[in-house]
Amino acid sequence: MNPLIKSFCQSRTYMRSLFLLKRLLHISKPEISTFPSILKSCSSLPSLDAAFVNHGYLIKSGGFGCCGNVGNDLLWMYVKHEEFRDAYKVFEEMPIRCSGVVFDSIIHWLRLNRTYEDVVIAFEKMVKFCVFPSVQSLCHVIRAYSDLNSIERGHFVHDYVKQNGFDDHALIMNLLISMYVKMGRLDLAQQVFDKVIHKDIVSWNSLITGYAQNRNWPKVFYLFLCLRQAENLVPNVVTFLALLSSAGHSREVGIGMSIHGYLICMGLYLDVQLGTAIFDMYAKCERLDYAQIVFEKDLINKTLVSWNALIATYKQKGYSQEAADVYERIVMEPNVKPDSFSFANVLPAYANLGNIQRIKSIHCVIIKRALGMEGDVVLATAMLDAYGKCSDVKASELLFACIHHPNTATWNALISVYNLNNQIENGMIIFREMVRHKVLLDPITMVTLFQSCGQMGSLKQGNMIHGFSLLKGFYSHLIVGNALIDMYMRCGCTKGAEVFFHSMPAENIVTWNTMIYGYMKVGCFSAGLRLFHQMQSEKEYIPDSVTIVSLLQGSLAISASYVELFHAFILKLGLASETLVMNTLIDSFAKIGIIEKARALFTQNDFKKDQSSWNIMIAGYGLNGQGTKSSKLFAQMQENGYVPDSITFTSLLSSCSHCGLIEDGCKFFDLMITKYKIQPTMEHWTCIIDMLGRANGLEEAYDVIRSGIYQNSSKCVPLDSIAVWGALLSACRTNMNMKVGELAGQKLSKMKSDCLYHSLLSNLYSSNKKWDEATDIRRVFGDGKVMKKPGLSSLKS
DNA sequence: GATTAATGTG
């Protein structure tokens, strides 16, 4: 019967041959030589049913499987039916060669439906079978290798290209250049480039973009000069994009401008992509004036990239609201859909604005659109940071755990989140993990760590990190030096700060501000003032808003008349339109008791009021015993469209606590928890406990906290938390209640909040002039030094 | 063959 089946196949009467096979199966076992014909019949039939039946039979009869030509034909059959999934299954089981055409089809399917790894595995198997791929297939394979990011495996395909005579093929060689660029191996990319005999513009562009991506700007500009000497080659859009990006990143506005001029001559400046790149170059070079002209006049058809670049520029310059506005504008545009670049740019802006709702909604969009945050480190880092800045540490931690390949920035961001949320110990744990995982440390890591040490007030840790940064060669970075000074100042070690300050290889206004701010913080007012004069006379720095804010905050401890003096300074320096400066000035007037002056400044319209202006004024009224005015202003603030935040309630509660408005205070506290869903912080609890203490004494507050939960109409808040015990300890300090304070301290020490416990308890002891006890605590925890009432000693000198 | 992104000092 076997020859008969074959002849039916040859005469293309496929149904008949299959019918015969069915009969044959009832009587005896068919010969294996029959199957190629059968499978060919199946390939040509419209339905797959017969194919499945026959494949199943082949599997059942054991030995046949995917051997020899049968396997090959089986593969063909599935490829013809475009059933690549099954084809791939057969392929995986095949012990010997198959045809190149079939293979190309499989590579094509794998590329569209599976991972790069699968493409690479298939290719390596193909090489083992000695099957030749088409050039097109080989291109796909090299792209897959690029995405695998494994240098050993990259060499495999490179060797294959060399051994099989593909190395005079420009397309293949260009892809190899790109592959090495993607792997960050510019040395190897350069080697391939040098070997290309007939270089085309793509070869040059691949290498130039490679150097641009790896931030080797001089090489980019050098290669461009070489390119212009090469015959018959004209740089194109891709070349200029790389050049403009390099000019922007390296702040080479001169180079950027000449490229701009060149493009105008060539008539290319109206190209959207180039226009966006020109805008971005000027923005990065701090030439916002030129950038604005390009954006408004030349960029007629703006793309999503143009808008993203604008968001990035606003965000970088600190204009968070403007960045958010642009984002909201593109969300409304019918034909534009924000992408991961838009999100990564706008998230820090929303984080600065404290707009957690927007952050959450962007998170939802990312999930809905399946943008795969786990694989996009930059986007995930921005999201992690945004949650952390809005105090959702849990969300940040969860995100961190999900990210497939966290990089240095991700780790840095996590430490920074812990710093922001007073969980310094956790940050230190993360740093140790970083070292253990051999994560590359960068200057920002050092800055973040100095911040941790400064916040802890631990000179011991600070010295350690200082030594560490010397060892790793980070100390010459300006931002690291500035952070180091800040750390020493926050630890109360003015000597350490001064020594480093005088030995710095480079400095800027931030350095001077940090010194001044530090002196003010520890109460060395005269030393700060001396530097303030010195920076103007010797260095010709013009004091900026930060300088003035530092001086204002320090002057409070000294004399009220200084506030008036600095007010005059602010007017002279033209800083009266700066929100931060005016907020501090209002705060200062309120604190020295000149509430009328504070009110007058607050109501004038010479500066843009923000949320914290309102918060400051609410607290200011409270400080001056005008608690009812605080409540009125609170209502007025909401009428002006502001949603009260955590600090608003801190201001309100402290106002009530100051003015003895206990009932109002409790009402605001309930409102905060139930309506605004704000988690009470230690500051809130401090006010509440202070009020409780005033009414019935801190002993009773202690009993209330120990007994469990704070209850109101709809919400239960557990009281047995670090924040609440910390608040009790704080309240004990202001009320000089050692007995309850020590009880609270014991409680905290059991809750593993070493940092908070130590600093609060040592403050309690210092306030009660129990220096020895305070020193003991600091010795166990940190540097063993205790600042005796900051400022007093330095005032005398 | 390609442009735009995240973490940080006062």
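Not measured: the values here are computed from a predicted model.
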(request) Whole angstrom is fine here: how far is it from CE in A:Met373 over to C1' in B:dA5? (result) 14 Å
(request) Using a heavy-atom cut-off of under 4.0 Å over every strand shown, decide if A:Pro348 touches base, sugar-phosphate, or nothing. (result) sugar-phosphate
(message) Side chain of A:Leu175 only, heavy atoms from C-beta on: which candidate in B:dA5, B:dT3, B:dG1 is closest?
(response) B:dG1
(message) Do A:Asp442 and A:Thr408 pair up side chain to side chain, a donor and an acceptor below 3.5 Å, judged on atom types alone?
(response) no
(message) Could you tell me how far apart A:Leu379 (CG) and B:dT7 (P) are, to the nearest whole angstrom?
(response) 12 Å
(request) Kindly point out which of B:dG8, B:dG10, B:dT4 is positioned nearest to the side chain of A:Thr514? (result) B:dG10
(request) Return the value, rounded to whole Å, for the distance between atom CG of A:Asn352 and atom C1' of B:dG8. (result) 13 Å
(request) Go through the N and O atoms of the side chain of A:Asp544 and the base of B:dG10, and report whether any donor-acceptor pair is under 3.5 Å. (result) yes
(message) What is the distance, to the nearest angstrom, from the CD atom on A:Gln316 to the P atom on B:dT4?
(response) 12 Å
(request) Return the value, rounded to whole Å, for the distance between atom OH of A:Tyr541 and atom P of B:dG10. (result) 17 Å
(request) Could you go through the salt bridge (charged side-chain N to carboxylate O under 4.0 Å, His left out) check for A:Arg490 and A:Asp486 one step at a time? (result) CA-CA 6 Å; A:Arg490 281 176 199 265; A:Asp486 185 55; 2.9 Å; yes
(message) The side chain of A:Thr209 is closest to which nucleotide in this list: B:dA5, B:dA2, B:dG1?
(response) B:dA2
(message) At 4.0 Å (heavy atoms only), tell me whether A:Thr381 reaches a base, stays on the sugar-phosphate, or touches nothing.
(response) base
(request) Name the closest nucleotide to the A:Gln213 side chain, picking from B:dA2, B:dA5, B:dG10. (result) B:dA2
(message) Which nucleotide wins on minimum distance to the side chain of A:Arg490, given the candidates B:dG8, B:dG10, B:dT4?
(response) B:dG10
(request) For A:Ile415 and B:dT7, give me the distance from atom CD1 to atom P, rounded to whole Å. (result) 15 Å
(message) If you only use heavy atoms from C-beta on, which nucleotide in B:dG10, B:dG8, B:dT3 is closest to the side chain of A:Val447?
(response) B:dG8
(message) Just N and O in the side chain of A:Lys284: are any of them under 4.0 Å from OP1 or OP2 of B:dA5?
(response) yes
(message) For a quick check under 3.5 Å, do A:Gln190 and A:Tyr211 share a side-chain donor-acceptor pair by atom type?
(response) yes
(request) Side chain of A:Ser206 only, please: which of B:dT7, B:dA2, B:dG1 is the nearest? (result) B:dG1
(request) For A:Trp217 and A:Ala212, work out which heavy atoms get closest and say how close. (result) CZ3-O, 3.2 Å
(message) Please determine whether a side-chain nitrogen or oxygen atom of A:Ser245 lies at a distance below 4.0 Å from atom OP1 or OP2 of B:dT4.
(response) yes
(request) May I ask you to say what A:Asp486 touches in the nucleic acid, namely base, sugar-phosphate or nothing, with a heavy-atom cut-off under 4.0 Å? (result) sugar-phosphate
(request) Calculate the interatomic distance between A:Ile142 atom CD1 and B:dG1 atom C1'; express it in whole Å. (result) 14 Å
(message) Pairing donors with acceptors under 3.5 angstrom, does anything connect the side chains of A:Ser342 and A:Asn308?
(response) yes
(message) Let's see if you can work this out: which of B:dA2, B:dA5, B:dG10 has an atom nearest to the side-chain heavy atoms of A:Val546?
(response) B:dG10
(request) From the options B:dG10, B:dT7, B:dT9, select the nucleotide whose nearest atom is closest to the side chain of A:Gln451. (result) B:dT9
(message) Students often get this wrong, so: under 4.0 angstrom with heavy atoms, is A:Lys389 touching a base, only sugar-phosphate, or nothing?
(response) sugar-phosphate
(message) Under 4.0 Å from OP1 or OP2 of B:dG8: is there any side-chain N or O of A:Ser416 that close?
(response) yes
(message) Can you tell me which nucleotide in B:dT7, B:dA2, B:dT9 comes closest to the side chain of A:Val237?
(response) B:dA2
(request) Quick one: label A:Phe341 by what it contacts on the DNA or RNA (base, sugar-phosphate, nothing), any heavy atom closer than 4.0 Å. (result) base
(request) Using a heavy-atom cut-off of under 4.0 Å over every strand shown, decide if A:His249 touches base, sugar-phosphate, or nothing. (result) sugar-phosphate
(message) Angle between ring planes, A:Phe240 versus A:Tyr262, binned at 30° and 60°: parallel, tilted or perpendicular?
(response) tilted
